[in-house]
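To keep things clear, I will list the structure first and then write my remarks on it.
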Amino acid sequence: MSTLTTVLIVVAVVVVLLIIAGALHTRRSGQVGGRRALRRRFGPEYDRVLARHDGDAKAADRELHDRVRRHGDLTPRPLAPGVREQYDAEWAAVQERFVDSPRRAVADADQLLGRLAGDRGFPAAGRYEEQLAALSVHHPRHIEGYREVHRAARAGSEPSTEGLREAMVDARDLFDDLVADRAVDHGRHRPGHGQRNGNRRGHMLRPRGSGV
C-alpha cells in the first residue's frame, strides 16, 4: 500500500469521525435546548412531571412533548358575555358556600372548573386526565390548583379545612384565566402575582368559627 493511499484512508476515517461527532453534538444540543424550552413553557409543571418520573429528564421531556403535540394547536373558544357573567356568579356562590361547608364547596369548584374548561373547548370534564393534560399546555402555571381541588373533592379521608381553603385559592387563578379569555404568556410569569391574589381572596374563604 502506497504512502498516498494510507494518507487518504486516514483522512477519510478522520472525516467520518468528525461527522459522527458533529451529529452527536447537534443531537445533544437539541435535547438541551428543547428541555430548556419545555422548562420555560411549563414552569413548575415541568418539575412535577420530572419528579413523577423519578428524575428521568428524558421521560419527562417525552411526556410534555406529547402533550404539546396533542393539544398545542387547540384554540380555546371564547365565552359569550352572558355566560362569563354566569360563571362569575357561580364561583362567587361557591366561595360563599365554603364558609359553612368547605368540603361541598371544593367539590362544586371541581365540577365548575371542569365544566368551564369544556365550554372553552378543552376536553370534556368526563375525560379529566385528558382535560388536565390540555389545560397544562395552555395554563401550565395555574393547573395545580385544579389538580388540588379535584384531589380534595375525591379524598377518602376528610382533608383539613386549611388544605381545602388553599386548594380553592389556588384554583381561582385557573378560573380567572379561563373565564376572562386571558392569553397565557409562557415563560414570563409575573413574580408575586399568585401571592397577591391569594392574599386578597383568602380572607373570603375563612370558615365560620375559624377566628380569622
Side-chain angles (χ1 to χ4, degrees), residues 42-52 76 79 83-120 122-185 188-212:
F42 284 94
E45 179 69 3
Y46 184 96
D47 295 330
R48 192 197 69 82
V49 174
L50 182 63
R52 190 161 58 80
L79 296 174
V83 175
R84 187 179 300 116
E85 292 171 2
Q86 180 182 344
Y87 273 115
D88 277 330
E90 287 189 54
W91 188 271
V94 168
Q95 287 194 155
E96 292 177 4
R97 195 173 303 130
F98 187 91
V99 175
D100 293 313
S101 182
R103 183 69 179 267
R104 178 189 169 196
V106 167
D108 290 344
D110 175 42
Q111 294 180 9
L112 180 59
L113 283 171
R115 180 158 44 89
L116 172 57
D119 283 351
R120 290 300 314 278
F122 292 93
R127 299 159 56 199
Y128 169 73
E129 293 296 338
E130 194 70 8
Q131 185 186 72
L132 195 73
L135 285 168
S136 74
V137 173
H138 295 269
H139 302 276
R141 299 179 185 276
H142 294 157
I143 192 62
E144 186 61 22
Y146 183 25
R147 190 179 282 119
E148 288 174 4
V149 296
H150 187 81
R151 185 164 48 237
R154 286 156 177 75
S157 57
E158 186 69 22
S160 70
T161 300
E162 180 60 20
L164 294 174
R165 188 189 70 82
E166 291 177 358
M168 284 284 291
V169 170
D170 291 343
R172 177 62 190 261
D173 286 326
L174 178 62
F175 175 83
D176 285 345
D177 279 359
L178 290 173
V179 83
D181 293 346
R182 184 177 302 154
V184 177
D185 190 8
R188 292 198 293 272
H189 185 53
R190 290 168 290 175
H193 171 68
Q195 182 179 2
R196 287 196 303 272
N197 285 348
N199 290 339
R200 177 173 59 85
R201 294 192 298 269
H203 73 280
M204 302 173 63
L205 297 170
R206 297 293 181 184
R208 297 190 191 282
S210 64
V212 179

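Note that the numbering runs from 1 along the sequence shown for the chain. Keep in mind that this is a model prediction, so the values were computed, not measured.
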Could you report the tightest heavy-atom contact between [X] and [Y], atom names first, then the distance?
| X | Y | result |
| --- | --- | --- |
| Thr161 | Phe98 | O-CZ, 4.0 Å |
| Leu79 | Arg84 | O-NH2, 3.0 Å |
| Val149 | Ala167 | CG1-O, 3.4 Å |
| Gly163 | Ser160 | N-OG, 3.0 Å |
| Ala153 | Ala107 | CB-CA, 3.8 Å |

Could [X] and [Y] be called an ion pair, given the rule that one side-chain N must be under 4.0 Å from one carboxylate O?
| X | Y | answer |
| --- | --- | --- |
| Arg172 | Asp176 | yes |
| Asp110 | Arg154 | yes |
| Arg115 | Asp119 | no |

>> For Glu90 and Val94: C-alpha separation, side-chain torsions, deciding distance, then whether side-chain contact (heavy atoms from CB on, under 4.5 Å) applies.
In response: CA-CA 6 Å; Glu90 287 189 54; Val94 168; 5.6 Å; no
> Under 3.5 Å, side chain of Gln131 to main-chain N/O of Pro123, donor-acceptor pair present?
Replying inline: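 Checking the backbone N and O of Pro123 against the side chain of Gln131, a donor-acceptor pair under 3.5 Å is found.
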>> Between Arg97 and Ala105 (side chain of the first, backbone of the second, donor and acceptor by atom type, cut-off under 3.5 Å), is there such a pair?
In response: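 Judged by distance alone, no pair lies under 3.5 Å.
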Taking the side chain as everything from C-beta on, heavy atoms only, tell me whether [X] gets closer than 4.5 Å to [Y].
| X | Y | value |
| --- | --- | --- |
| His138 | Phe122 | yes |
| Trp91 | Leu113 | yes |
| Leu135 | Leu178 | yes |
| Phe42 | Val137 | yes |
| Met168 | Arg165 | no |

>> Run the salt bridge (charged side-chain N to carboxylate O under 4.0 Å, His left out) test on Arg151 and Glu148 for me, step by step, so that the C-alpha distance in whole Å, both residues' side-chain angles and the decisive distance to 0.1 Å come before the verdict.
In response: CA-CA 5 Å; Arg151 185 164 48 237; Glu148 288 174 4; 5.2 Å; no
>> Determine whether the aromatic ring centres of residues Phe175 and His142 are separated by less than 6.0 angstrom.
In response: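 Aromatic pair excluded; centres sit 6.0 Å or further apart.
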>> Which label fits His150 and Tyr128: parallel for a plane angle under 30°, tilted from 30 to 60°, or perpendicular past 60°?
In response: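 Parallel: the ring planes of His150 and Tyr128 meet at under 30°.
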> Atom CD in Gln95, atom CG in Asp108: separation rounded to 0.5 Å?
Replying inline: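 One gets 12.5 Å once the value is rounded to the nearest 0.5 Å.
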>> Please identify which of these residues, His139, Arg141, Arg147, meets the side-chain contact (heavy atoms from CB on, under 4.5 Å) condition with Glu45.
In response: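 Exactly one candidate clears the test, Arg147.
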